[in-house]
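This is the structure I want to talk about, given as structure tokens.
Computation of the quantities below employed the complete heavy-atom set of this structure, encompassing side-chain atoms and omitting hydrogens, waters and symmetry-equivalent molecules.
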Amino acid sequence: MEEPRIVRGPEAEVHPLHGEGSIKRLIYPQTVGSQKLFVGIAEVGPGEAPHVFHRHGVERIGNLELTYADDFEEFYFVVEGSALMQWREADGVGHEVPVSAGDAIYMPVGAAEHRIFNNGTGTLRVLYGGTPPAAIRRLSDDA
């Protein structure tokens, strides 16, 4: 029988993002050995986004390449602050909807290019997660 794995928030490794701010990877294959789930928390200041506009396919962040499964699903839960949930249609038409603490956002399979942007005056904290986790491959440092 497997025992629960506990990740203490203050002990979670902080990772910079390819937008501004940082994330703490809480439940990830690399932290607890999860196979079908990942969860983390993103924190960004006013006027910042935790990530650039992106789609779930193959994504490069620094020297890491993330490959998402065709059936990948994701969620955001706004823990603190306010933000704009932004997305772009295939033809480039943009949309944004205000969200705030207590709101949840679901990104279905094949979700549009998207990001969450802190339009408030304080720190935005967003719990996020998805299934299945992206496959991560480290590229050479000169790639």
Side-chain angles (χ1 to χ4, degrees), residues 1-90 92-139 141 143:
M1 175 171 19
E2 292 282 332
E3 293 185 12
R5 293 169 181 94
I6 297 171
V7 178
R8 306 263 182 221
E11 298 168 3
E13 186 176 347
V14 175
H15 295 270
L17 298 174
H18 54 121
E20 294 87 13
S22 64
I23 61 169
K24 288 184 179 181
R25 291 184 173 154
L26 301 171
I27 299 171
Y28 269 75
Q30 302 88 341
T31 60
V32 298
S34 59
Q35 297 177 25
K36 298 180 182 178
L37 173 71
F38 72 91
V39 176
I41 191 156
E43 298 183 356
V44 296
E48 299 178 349
H51 48 68
V52 297
F53 274 97
H54 68 287
R55 290 184 56 97
H56 302 132
V58 177
E59 181 177 16
R60 183 171 175 192
I61 304 170
N63 68 343
L64 298 179
E65 182 180 83
L66 287 71
T67 303
Y68 293 90
D70 291 340
D71 61 347
F72 178 75
E73 296 176 292
E74 182 179 41
F75 75 88
Y76 298 157
F77 178 79
V78 181
V79 175
E80 181 181 334
S82 61
L84 294 172
M85 188 63 222
Q86 302 173 321
W87 68 95
R88 296 179 186 151
E89 295 178 30
V93 173
H95 303 273
E96 53 185 35
V97 174
V99 294
S100 58
D103 291 344
I105 300 106
Y106 168 65
M107 294 296 181
V109 172
E113 184 178 49
H114 61 279
R115 75 175 187 171
I116 190 165
F117 178 80
N118 183 350
N119 68 334
T121 58
T123 299
L124 173 67
R125 287 185 178 79
V126 177
L127 183 72
Y128 67 89
T131 183
I136 300 174
R137 181 171 70 101
R138 184 170 299 281
L139 305 171
D141 290 330

Restricting to side-chain contact (heavy atoms from CB on, under 4.5 Å), what partner residues turn up for Pro4, sequence neighbours left out?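 None.
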Any pair counted as salt bridge (Lys or Arg N to Asp or Glu O under 4.0 Å), so long as it reaches residues 4-13, sequence neighbours left out: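 Residue pairs passing salt bridge (Lys or Arg N to Asp or Glu O under 4.0 Å), neighbours aside: Glu2-Arg5.
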Report the distance from atom CG of Leu37 to atom OG1 of Thr131, rounding to the nearest 0.5 Å.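 The CG atom of Leu37 sits 6.0 Å away from the OG1 atom of Thr131.
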Can you tell me if Thr123 uses its side chain to pair, donor with acceptor, with the backbone of Val44 under 3.5 Å? no
Spatial distance of atom CD1 (Ile27) from atom CD1 (Ile6) [nearest 0.5 Å]: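 The CD1 atom of Ile6 is 10.5 Å from CD1 of Ile27, to the nearest 0.5 Å.
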Can a side-chain donor-acceptor contact be found between Glu74 and Tyr128 if the only test is distance below 3.5 angstrom? no
Listed by chain and number, what are the ring pair (Phe, Tyr, Trp, His ring centres under 6.0 Å) partners of Tyr28, not counting sequence neighbours?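 Ring pair (Phe, Tyr, Trp, His ring centres under 6.0 Å) check on Tyr28 returns Phe38.
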By the salt bridge (Lys or Arg N to Asp or Glu O under 4.0 Å) test, which pairs, at least two apart or in different chains, include something from residues 63-72?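 Pairs touching residues 63-72 that pass the test: Glu65-Arg137.
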Give me the ring orientation class for Tyr76 and His51: parallel if the planes are under 30° apart, tilted from 30 to 60°, perpendicular past 60°. tilted
Nearest atoms (heavy-atom pairs only) where Gln35 meets Pro133: O-CD, 3.6 Å
Is Asn118 reaching over with its side chain to a backbone N or O of Ala49, donor-acceptor style, under 3.5 angstrom? no
Kindly write out the residues that satisfy side-chain contact (heavy atoms from CB on, under 4.5 Å) with Val78, not counting sequence neighbours, or none if the list is empty.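 For Val78 the side-chain contact (heavy atoms from CB on, under 4.5 Å) partners, ignoring immediate neighbours, are Val99, Ile105, Ile116, Leu124.
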Under 3.5 Å, is there a donor-acceptor pair between the side chain of Lys24 and the main chain of Gly9? yes
Which residue pairs pass the side-chain hydrogen bond (donor to acceptor under 3.5 Å, both in side chains) test when at least one of the two sits in residues 80-90, sequence neighbours left out? Glu80-Arg125, Gln86-Glu96, Gln86-Arg115, Arg88-Glu113, Glu89-His95
